[in-house]
There are 2 protein chains.
Amino acid sequence: MSQDINAVMNEYLPLRDVVFQTLRQAILRGELEPGERLMEIHLANRLGVSRTPIREAIRKLELEGLVVMIPRRGAIVASITEKDLKDVLEVRRTLEIMAGEMACERITPELLEQLKSAGEEFRRLKDTNDFTSLAEVDVKFHDVIYAATDNQRLITILNNLREQMYRYRLEYLKDTGSHERLNTEHYEIYEAIRKGDKVSASAAIGRHIDNQRDAILAAIREHEKEENDKTDKNGKSGRIKGRKAE
Amino acid sequence: MSQDINAVMNEYLPLRDVVFQTLRQAILRGELEPGERLMEIHLANRLGVSRTPIREAIRKLELEGLVVMIPRRGAIVASITEKDLKDVLEVRRTLEIMAGEMACERITPELLEQLKSAGEEFRRLKDTNDFTSLAEVDVKFHDVIYAATDNQRLITILNNLREQMYRYRLEYLKDTGSHERLNTEHYEIYEAIRKGDKVSASAAIGRHIDNQRDAILAAIREHEKEENDKTDKNGKSGRIKGRKAE
DNA sequence: CCTGTGTTTTTTGTATACATAAGAGTATAA
DNA sequence: TTATACTCTTATGTATACAAAAAACACAGG
């Protein structure tokens with residue numbers, strides 16, 4: 001079909017973009033740990049390209065805040081402090097509420113339908129152990145609300161803020177006890193948007209993010225505690241790359 | 001003084017960053033027009049560096065959305081549609097209000113003092129024709145509010161959003177009729193924050209941004225009308241670089 | 001055992017080289 | 001005149017080369 005032809009036509013991706021997406025994923029998934037150095041030659045060999053695309057990808061990661069440059073030293077994976085996360089969540093809370101209120105006014109019937117399905121799918125999955133799918137559906141749910149705002153800038157910013165905590169998402173979704181509450185919250189949000197009730201939508205989304213916030217912060221603290229225990233016990237911590245940077 | 005030593009120590013800036021800032025300024029000030037191509041060799045010669053730093057700077061501009069890449073064709077300066085600007089202003093309005101409310105709670109006496117001075121300085125300048133200084137003071141006023149939020153992520157996003165319209169700022173500040181109103185608005189905002197009155201602060205900032213919005217949109221429409229008149233009259237429009245891109 | 005110094009290695013920052021795609025221009029044929 | 005094929009130019013995309021800074025190391029001296 002012509003769709004395929006189009007796909008082939010758009011198939012061209014500069015190496016720098018491939019590298020960018022690869023590194024980005026690796027950082028957000030935690031495969032590259034905070035503090036770990038990104039050495040150009042090493043990455044170039046590993047990915048089978050020259051330093052040039054690597055460097056250009058790093059420039060983008062730099063602007064996105066996923067890596068930090070140390071002059072004449074190169075890039076290291078940015079570490080997120082608890083303060084950073086609180087800041088991100090504070091902004092995200094405001095913008096998620098904004099998006100929800102806008103969705104109340106602007107959502108289309110098709111998107112409303114999609115929102116419903118996403119909610120239902122979450123409900124179906126909530127008692128399974130398929131955390132990856134669960135995370136995807138959760139993303140989908142919010143994506144629909146974003147799309148309903150018809151504000152591309154808002155969507156971009158919200159996606160970016162959300163991705164900042166991607167590393168912790170799976171972590172806290174493993175707390176199965178919260179699934180029921182998440183499900184309820186989704187339903188409340190859906191209902192509020194369906195009715196066009198901005199006040200309820202705002203309140204529900206606020207609660208939703210607050211709960212997420214608490215869960216993520218708890219997960220982080222748990223995670224850090226484990227890390228400390230590990231390094232305390234055996235000095236030669238399992239991995240070299242785990243080193244925090246100054 | 002030791003401040004100077006420190007300055008010298010931090011004096012090192014990779015060429016890519018110099019180029020980045022240079023190009024960025026040029027775009028935001030309108031020296032590089034929307035649709036204009038950024039050709040690497042040309043820029044390299046002009047700035048006296050090789051293509052490498054130019055390319056790395058372009059990668060950052062790309063992520064920031066200030067340029068758009070066309071595959072195997074290079075970068076062109078992104079053009080802002082009216083919809084884009086409305087989107088930006090919509091998000092900015094929400095976040096400026098958020099910042100104002102946070103400032104009500106968290107502002108320190110020193111920052112409050114700075115806010116007062118910035119307001120007063122604006123008042124002093126408002127009847128002069130020094131639009132550049134006026135713009136700077138206006139920036140300063142908002143910067144103080146941002147600083148008071150103690151939320152670095154919010155500050156970064158707000159700065160970015162504000163810069164998106166930098167190209168139009170001088171334009172609309174030339175409308176001297178609005179200066180008195182701007183001055184009043186600044187005072188209202190200052191007073192609300194001083195009192196810690198979130199409701200008033202929110203309302204005042206909302207009005208402030210709404211007015212700015214109207215002024216900027218008016219300036220753009222005026223600007224575009226002029227452009228059209230120009231190109232309509234003499235087919236060979238004065239500049240090659242003015243060409244819009246597809 | 002620690003400390004300071006000179007040397008080597010590694011890695012970045014920048015420049016340049018080379019292959020290829022896209023576009024412009026040109027000549028030729030209908 | 002218009003269309004088409006062919007060349008030629010230009011600019012990008014990627015790889016490589018080279019200089020210089022920083023880190024790692026070794027070694028002499030206290």
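Computed from a prediction, not measured in an experiment: that's the story for all the values here. We name chains A, B, ... by the order of the sequence lines, and we start the count at 1 in each one.
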At 4.0 Å (heavy atoms only), tell me whether B/I41 reaches a base, stays on the sugar-phosphate, or touches nothing. base
Students often get this wrong, so: under 4.0 angstrom with heavy atoms, is B/L43 touching a base, only sugar-phosphate, or nothing? nothing
Going by side chain to side chain contact (heavy atoms under 4.5 Å, CB included), name the residues that satisfy it together with A/R73, two or more places apart in sequence or in a different chain. A/R37, A/I70
B/D87 and A/Q152: CA distance, side-chain angles, deciding distance, side-chain hydrogen bond (donor to acceptor under 3.5 Å, both in side chains) verdict: CA-CA 7 Å; B/D87 286 356; A/Q152 189 51 54; over 6 Å; no
Is a salt bridge present between B/E121 and B/K140, judged by a nitrogen-to-oxygen distance below 4.0 Å? no
Between B/E82 and B/R221, does any NZ, NE, NH1 or NH2 come within less than 4.0 Å of an OD or OE carboxylate oxygen? yes
Is it true that a side-chain atom of B/R16 and a backbone atom of B/A57 form a donor plus acceptor pair closer than 3.5 Å? no
Closest approach of A/K83 to B/N151 (non-hydrogen atoms, all atoms of both residues): NZ-CA, 4.3 Å
Could you walk me through whether B/R213 and B/E90 satisfy the salt bridge (charged side-chain N to carboxylate O under 4.0 Å, His left out) test, starting with their C-alpha distance in whole Å, then the side-chain angles of each, then the deciding distance to 0.1 Å, before giving a yes or no? CA-CA 9 Å; B/R213 177 198 140 108; B/E90 204 167 37; over 6 Å; no
So B/R24 and B/L66, do their side chains get closer than 4.5 Å, heavy atoms only? yes
On DNA chain D, compare the nucleotides closest to A/P14 and A/P71; which residue's is nearer the 5' end? A/P14
Could you list by number each residue of residues 48-61 of chain B showing a heavy-atom separation from DNA chain C of less than 4.0 Å, or answer none if no residue does? B/V49, B/S50, B/R51, B/T52, B/P53
Are B/R29 and B/Y166 in a cation-pi contact, defined as NZ or CZ under 6.0 Å from the six-membered ring centre and within 45° of the axis? no
Which residues pass the side chain to side chain donor-acceptor pair (under 3.5 Å) test with B/Q164, sequence neighbours left out? B/N160
Whole angstrom value for the distance that separates P of D/dG13 from CD of B/E40: 6 Å
Just the rounded figure in Å: distance from C1' of D/dG13 to CE of B/M69. 10 Å
Chain A reaches DNA chain C, atoms under 4.0 Å from its heavy atoms, from C/dT11 to C/dT14
So, with a heavy-atom separation below 4.0 Å from DNA chain D, the residues of residues 16-27 of chain A are A/R16
Under the ring pair (Phe, Tyr, Trp, His ring centres under 6.0 Å) rule, collect the residues that match up with A/F131, sequence neighbours excluded. none
